[in-house]
Engineer: 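First the structure, which I've put down as structure tokens, then a few questions once you've had a look.
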Protein chains: 2
Amino acid sequence: MDWLLLRELQTEARLSFSELSRRVHLSPPAVAERVRKLEESGVIGGYRAHVDPRLVGRGVVALVTMSCYGPGCVLRNPEALRSADVLEVHRVTGGACCVLRVAVATMADFEELIDRLSAYGTPSSSMVLSSPVPWRPTLPPGG
Amino acid sequence: MDWLLLRELQTEARLSFSELSRRVHLSPPAVAERVRKLEESGVIGGYRAHVDPRLVGRGVVALVTMSCYGPGCVLRNPEALRSADVLEVHRVTGGACCVLRVAVATMADFEELIDRLSAYGTPSSSMVLSSPVPWRPTLPPGG
DNA sequence: GTTGAAATCTGTCAGCA
DNA sequence: TGCTGACAGATTTCAAC
């Protein structure tokens with residue numbers, strides 16, 4: 001049942017409890033209670049409007065893989081990642097330290113960003129051409 | 001002014017127009033009109049509850065880089081990416097064809113997924129250990 | 001963009017199955 | 001846990017400026 005709510009909220013986060021209750025065939029108080037618990041437990045980490053970077057002047061999107069270990073690592077220097085150009089940072093296994101998703105306005109901006117990151121390690125960039133699946137809801141495992 | 005709205009909605013997508021109008025010091029109808037246009041133009045691509053995969057039985061998160069070109073490419077075979085385990089697909093430049101963000105329950109599931117993907121190309125996987133910056137709002141460029 | 005008012009809808013509480 | 005019924009309050013939306 002929680003999965004029904006999660007599916008709806010992942011797709012349409014602005015739905016009211018009343019509308020939700022209609023869709024999952026539960027009463028509004030029951031929905032409110034379940035959603036409250038999902039938020040409290042951290043299962044629901046927040047509600048966000050998704051903004052397309054390319055339509056707001058950030059037409060250059062890239063995945064930047066950082067190779068940097070030791071004290072100079074980008075992950076140990078928070079100021080390195082404070083830029084609004086850096087949208088996500090994931091620490092990963094393998095030859096690299098972490099992967100950054102970045103979005104900037106121009107290639108010149110991108111060059112600058114790379115220069116800044118180079119102070120902490122070796123960046124390796126892949127430009128994002130398009131996102132055939134920009135996002136998909138998290139469904140129950142094995143379902 | 002639209003940026004003020006976008007910043008609020010990216011952080012708290014469930015805010016009502018009234019609450020938004022208070023925060024940005026605009027009247028509710030003006031807010032409703034602006035948000036409607038932002039949605040219509042595609043700047044706002046949707047509103048989503050963010051679900052933590054690790055708290056819902058998908059504790060294995062990874063970035064999978066696919067090397068596959070030609071007719072067998074994963075991007076030309078939609079059934080390859082239809083799985084609920086695949087949360088994102090980004091086509092990229094460089095030695096690889098695309099990068100997938102995936103989340104599964106167990107390593108055994110991950111092994112299966114890799115096997116399936118291998119039919120279309122050569123996958124190279126990095127496990128996501130943690131996400132120091134899981135997400136950040138898109139702000140105006142050069143701001 | 002703003003105001004003001006009307007109609008609707010929403011969230012929440014208490015009581016009960 | 002979940003449902004019902006009712007109430008108080010907030011929200012959306014429309015008109016006119």
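Numbers restart at 1 for each chain; the letters A, B, ... are given by sequence-line order, proteins then strands. All values reported here derive from a predicted model rather than from experimental measurement.
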Engineer: Out of D:dG2, C:dC13, C:dT2, which has the shortest distance to the side chain of B:Pro29?
Structural biologist: C:dT2

Engineer: Holding to salt bridge (charged side-chain N to carboxylate O under 4.0 Å, His left out), I want the full list of residues that pass it with B:Glu40, two or more places apart in sequence or in another chain.
Structural biologist: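 Here the qualifying residues are B:Arg36.
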
Engineer: Could I get a table of every N or O pair under 3.5 Å where one atom is in the protein and the other is in nucleotides 10-12 of chain D?
Structural biologist:
residue: D:dT11; atom: OP1; partner: B:Ser16; partner atom: OG; Å: 3.3
residue: D:dT11; atom: OP2; partner: B:Arg22; partner atom: NH2; Å: 2.8
residue: D:dT11; atom: O5'; partner: B:Ser18; partner atom: OG; Å: 3.4
residue: D:dT12; atom: OP1; partner: B:Phe17; partner atom: N; Å: 3.3
residue: D:dT12; atom: OP2; partner: B:Phe17; partner atom: N; Å: 3.2
residue: D:dT12; atom: OP2; partner: B:Ser18; partner atom: N; Å: 3.1
residue: D:dT12; atom: OP2; partner: B:Ser18; partner atom: OG; Å: 3.0

Engineer: Tell me every residue that passes side-chain hydrogen bond (donor to acceptor under 3.5 Å, both in side chains) with A:Ser131, counting only those two or more places apart in sequence or in another chain.
Structural biologist: B:His90

Engineer: For the pair made of CZ in A:Arg34 and C1' in C:dT12, what is the distance, rounded to whole Å?
Structural biologist: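 For the pair A:Arg34 CZ and C:dT12 C1', the rounded distance is 18 Å.
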
Engineer: Considering residues at least two apart in sequence or located in another chain, which fulfil the salt bridge (charged side-chain N to carboxylate O under 4.0 Å, His left out) criterion with A:Arg34?
Structural biologist: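 So A:Arg34 forms a salt bridge (charged side-chain N to carboxylate O under 4.0 Å, His left out) with A:Asp2.
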
Engineer: Let me know the distance between CD of B:Glu33 and C1' of D:dT13, rounded to the nearest Å.
Structural biologist: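 So the two atoms are 12 Å apart, to the nearest Å.
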
Engineer: Among all residues two or more places apart in sequence or in another chain, which pass the salt bridge (charged side-chain N to carboxylate O under 4.0 Å, His left out) test with B:Glu12?
Structural biologist: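 By the salt bridge (charged side-chain N to carboxylate O under 4.0 Å, His left out) rule, B:Glu12 matches no residue at all.
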
Engineer: Please state how far atom CD in A:Glu39 lies from atom P in C:dG11, giving the value in whole angstrom units.
Structural biologist: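 In whole Å, C:dG11 P lies 12 Å from A:Glu39 CD.
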
Engineer: Determine the contact category for A:Arg36: base if any of its heavy atoms lies under 4.0 Å from a base atom, sugar-phosphate if only primed atoms, P, OP1 or OP2 are that close, otherwise nothing.
Structural biologist: nothing

Engineer: Got a sec, which hydrophobics cluster with B:Leu139, joining ILVMFWY side chains under 4.5 Å apart, including via others?
Structural biologist: none

Engineer: Is there a donor-acceptor pair under 3.5 Å between the side chain of B:Glu8 and the backbone N or O of B:Leu20?
Structural biologist: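 No, because the side chain of B:Glu8 does not come within donor-acceptor range (under 3.5 Å) of the backbone of B:Leu20.
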
